[in-house]
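Positions are given from 1, in the same order as the sequence printed here. Note that the structure is predicted; figures quoted are calculated from it, not measured.
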Amino acid sequence: MAEPGERLPEEVLALIFRHLSLKDRAAAARVCRAWADAANSSAVWHDTKISCECELEGMLPPYLSACLDHVHNLRLEFEPSREPSRRAAIKLLMTLADRALGLRGLCLECRGEKPLFDSGHDVLEAVHAVCGAARELRHLDLRRLPFTLDDALVLRAARSCPELHSLFLDNSTLVDSVGPGSVLELLGACPRLRALGLHLASLSHATLEVLAAPDRPPFALLTLRCACPEDARASPLPNETWAALRRRHPGLAVELELEPALPAESVTRILQPAVPVAALRLNLSGDTIGPVRFAAHHYAATLRALEVRAAASAGLNAALEELAARCAGLREVHCFCVVSPSVLDAFRAHCPRLRNYTLKLTREPHPWRPTPVA
């Protein structure tokens, strides 16, 4: 009688097993020899998501340890306020640092609340170790890591990971400790970098000039978060410099996130006409109508996603209607206040590529869910 797994080719089993949790992969590997071969194959582990909250809880299962060499892209979720989850994440990262020759991508995603006064030194030390060992690392995403990132981490990545294609440091901390100088060194050491996420204060005129250099390979994405006091005090980046960067990289997309810490004069300095803004997230404590109208007039050709968090008003409704009429390429719009029916009608009428939207006509309990466009 044939073993259960022998009825399907290993390639088919691998396609199934790659969608299982760690616990279920381990269970599948114990069924029979054919299932074990499929469950342990590189096709299953190439892109792996691990949740330390429900799968590891402070221990590194032998089954996972044996398969880490197959992991090329890892998304690691953990909850820093829960000690077992935190310990498991750190242990896994340190184990990767010891044998991370094949690691190409790492994304860290923290869940829950960060403990008060938690610097995350132990977690960041583990990230440093991975960067120092994974010389083939191409993608590093730390946007969901709620700890202050600094020059030391950027320089470690620059000096140890020359193959980097993308690096995202625009996380939600209220302090930016990444200086423009370390970003310049990163760009010099990682010529293939195509996507970069920063706090605004980490970006400089010199950085934009380096990106616009004639011999620079194509640069595709720049995400900027403007949320901390350093961002509000950042030197203005001239419109002419943005224009030169846009000419050098016609396909460049910029994503801007503006938070309540920014005074109105800072918002005016940031929103330059030549910036190729593809996504704009406005969560300002002051005027929101002006930035929406500015986007309608200057970003009509590039804007693909808009998110607005503001108080409802007739002026905001009028600005949103104007933006809908001008920005036909919009794919998403999310407004977290009640809008008038005419706003909803405007986006439906003028934005044929709209895929989903959050445009509520009456108050609803949170969280507000987006509406997909059929």
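More than 12 heavy atoms of other shown residues, nucleotides or ligands fall within 6.0 angstrom of atom NE2 in His366. In this structure, Glu113 places its CD atom where only 12 or fewer heavy-atom neighbours from other residues, nucleotides or ligands lie under 6.0 Å away.
Leu221 and Val178 sit in two unconnected hydrophobic clusters of ILVMFWY residues. Membership requires side-chain heavy atoms under 4.5 Å apart, directly or through other members. Cluster annotation: Leu186 is not connected to Leu155 through the hydrophobic network of ILVMFWY side chains, with a link wherever side-chain heavy atoms come within less than 4.5 Å. The same ILVMFWY cluster, assembled from side-chain heavy atoms under 4.5 Å apart, contains both Leu361 and Val373. At a threshold of 4.5 Å between side-chain heavy atoms, the hydrophobic network of Ile, Leu, Val, Met, Phe, Trp and Tyr places Leu20 and Val71 in one connected group. Hydrophobic clustering keeps Leu256 apart from Phe168 (ILVMFWY residues linked when any side-chain heavy atoms are closer than 4.5 Å, directly or through intermediates).
Remark: Phe17 engages Trp35 in a ring pair (Phe, Tyr, Trp, His ring centres under 6.0 Å) (not counting sequence neighbours).
For Arg86 and Asp118, the salt-bridge test passes: some basic side-chain N is under 4.0 Å from an acidic carboxylate O. A salt bridge between Glu185 and Arg159 is present, with a side-chain N of the basic residue lying under 4.0 Å from a carboxylate O of the acidic one. Checked for salt-bridge contact, Glu77 and Lys49 meet the test: a charged N lies under 4.0 Å from a carboxylate O.
Arg104 contributes no side-chain N or O that, together with a main-chain N or O of His72, makes up a donor-acceptor pair within less than 3.5 Å. Using modelled atom types, no side-chain atom of Ser166 and backbone atom of Ala195 make a donor-acceptor pair closer than 3.5 Å. Judged by distance alone, the side chain of Asn73 and the main-chain N or O of Gly105 form a donor-acceptor pair under 3.5 Å. Checked by atom type and distance alone, the side chain of Thr48 pairs as donor or acceptor with a backbone atom of Trp45 at under 3.5 Å. No donor-acceptor distance shorter than 3.5 angstrom exists from the side chain of Asp98 to the backbone of Thr95, with no hydrogens or angles considered. Ser182 places a side-chain N or O within donor-acceptor distance of the main-chain N or O of Gly179, the cut-off being under 3.5 Å. No donor-acceptor distance shorter than 3.5 angstrom exists from the side chain of Thr207 to the backbone of Leu203, with no hydrogens or angles considered. Thr241 places no side-chain N or O within 3.5 Å of a backbone atom of Leu237 that could act as its donor or acceptor partner. The main-chain N or O of Asn171 is found under 3.5 Å from a side-chain atom of His199 such that the two form a donor-acceptor pair. At least one donor-acceptor pair under 3.5 Å links the side chain of Arg248 to the backbone N or O of Arg216.
Separating the CZ atom in Arg87 from the SG atom in Cys52 is a distance of 11.5 Å, to the nearest 0.5 Å. Here CZ of Arg143 is found 6.0 Å from CG of Asp170. Values are rounded to the nearest 0.5 Å. Distance check: Leu184 CG to Glu209 CD gives 9.5 Å after rounding to the nearest 0.5 Å. For the atom pair CZ of Arg304 and CZ of Arg331, the computed distance is 5.0 Å after rounding to the nearest 0.5 Å. Atoms CZ and CG, on Arg233 and Asp231 in that order, are 9.5 Å from each other to the nearest 0.5 Å. The distance from atom CZ of Arg309 to atom CG of Leu282, rounded to the nearest 0.5 Å, is 11.0 Å.
Inter-residue side-chain proximity for Leu96 and Leu74 is flagged as met; some heavy-atom pair is nearer than 4.5 Å. At a threshold of 4.5 Å between non-hydrogen side-chain atoms, the residues Leu153 and Val127 count as touching. Asp37 is listed as a side-chain neighbour of Glu10, based on a closest heavy-atom distance under 4.5 Å. Residues Leu93 and Leu108 meet the side-chain proximity criterion, which asks for heavy atoms closer than 4.5 Å. Cys337 has its side chain out of reach of Val308: every pair of non-hydrogen atoms, C-beta onward, lies at least 4.5 Å apart. Residues Thr302 and Arg246 have side chains in contact (heavy-atom distance under 4.5 Å, counting atoms from C-beta outward). Counting heavy atoms from C-beta on, the side chains of Cys110 and Phe78 come closer than 4.5 Å.
A cation-pi arrangement is absent between Arg194 and Phe219 under the rule of less than 6.0 angstrom and at most 45 degrees off the ring axis.
Contact detail for Cys226 and Leu200: the closest heavy-atom pair is SG-CB, 3.8 Å. Scanning both residues, Cys327 and Ala296, for their nearest heavy atoms gives SG-CA, 4.3 Å. Nearest heavy-atom pair, His334 versus Pro370, reported as atom, atom and distance to 0.1 Å: CE1-CB, 3.8 Å. A pairwise comparison of heavy atoms in Val333 and Phe347 identifies CG2-CZ, 3.8 Å as the closest pair. Residues Thr173 and Thr148 come closest through the heavy atom pair CG2-N, 3.5 Å. Residues Trp242 and Leu222 share a closest heavy-atom pair of CH2-CD2, 3.8 Å.
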Going through the checks in order, is the side-chain contact (heavy atoms from CB on, under 4.5 Å) test met by Asp176 and Ser202?
CA-CA 8 Å; Asp176 176 32; Ser202 303; 2.9 Å; yes

Step by step, would you call Thr371 with Thr358 a side-chain contact (heavy atoms from CB on, under 4.5 Å)?
CA-CA 6 Å; Thr371 301; Thr358 306; over 6 Å; no

Go through it in stages, so that I can follow the logic: the residues are Phe336 and Glu307, the test is side-chain contact (heavy atoms from CB on, under 4.5 Å), and I'd like the CA-CA distance, side-chain angles, deciding distance and then a yes or no.
CA-CA 8 Å; Phe336 293 94; Glu307 180 180 304; 3.8 Å; yes

Applying side-chain contact (heavy atoms from CB on, under 4.5 Å), run through Arg355 and Arg353 and close with a yes or a no.
CA-CA 6 Å; Arg355 294 184 303 207; Arg353 299 178 185 175; over 6 Å; no

Can you give the donor-acceptor pairs under 3.5 Å from side chains of residues 257-281 to other protein atoms, not counting sequence neighbours?
residue	atom	partner	partner atom	Å
Glu259	OE1	Asn283	ND2	3.2
Ser266	OG	Ala232	O	3.0
Ser266	OG	Arg269	NH2	3.4
Thr268	OG1	Ala264	O	3.1
Arg269	NH2	Ala232	O	2.8
Gln272	NE2	Arg269	O	2.8

For residues 310-325, please give each side-chain donor-acceptor pair under 3.5 Å, one per line with the distance, not counting sequence neighbours.
residue	atom	partner	partner atom	Å
Ser313	OG	Leu316	N	3.0
Asn317	OD1	Ser340	N	3.4
Asn317	ND2	Ser313	O	3.4
Glu321	OE2	Ser342	OG	2.6
Glu322	OE1	Arg293	NH1	2.4
Glu322	OE2	His297	NE2	2.6

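No hydrogens or angles considered: nothing links the side chains of Ser177 and Asp150 as a donor-acceptor pair under 3.5 Å. Residues Arg348 and Tyr357 have side chains that bring a donor and an acceptor to within less than 3.5 angstrom of each other. Judged by distance alone, the side chains of His165 and Glu163 never bring a donor and an acceptor atom under 3.5 Å apart.
In summary, of the residues considered (Leu169, Asp151, Leu167, Leu196), a side chain to side chain contact (heavy atoms under 4.5 Å, CB included) with Val183 occurs for Leu196 alone.
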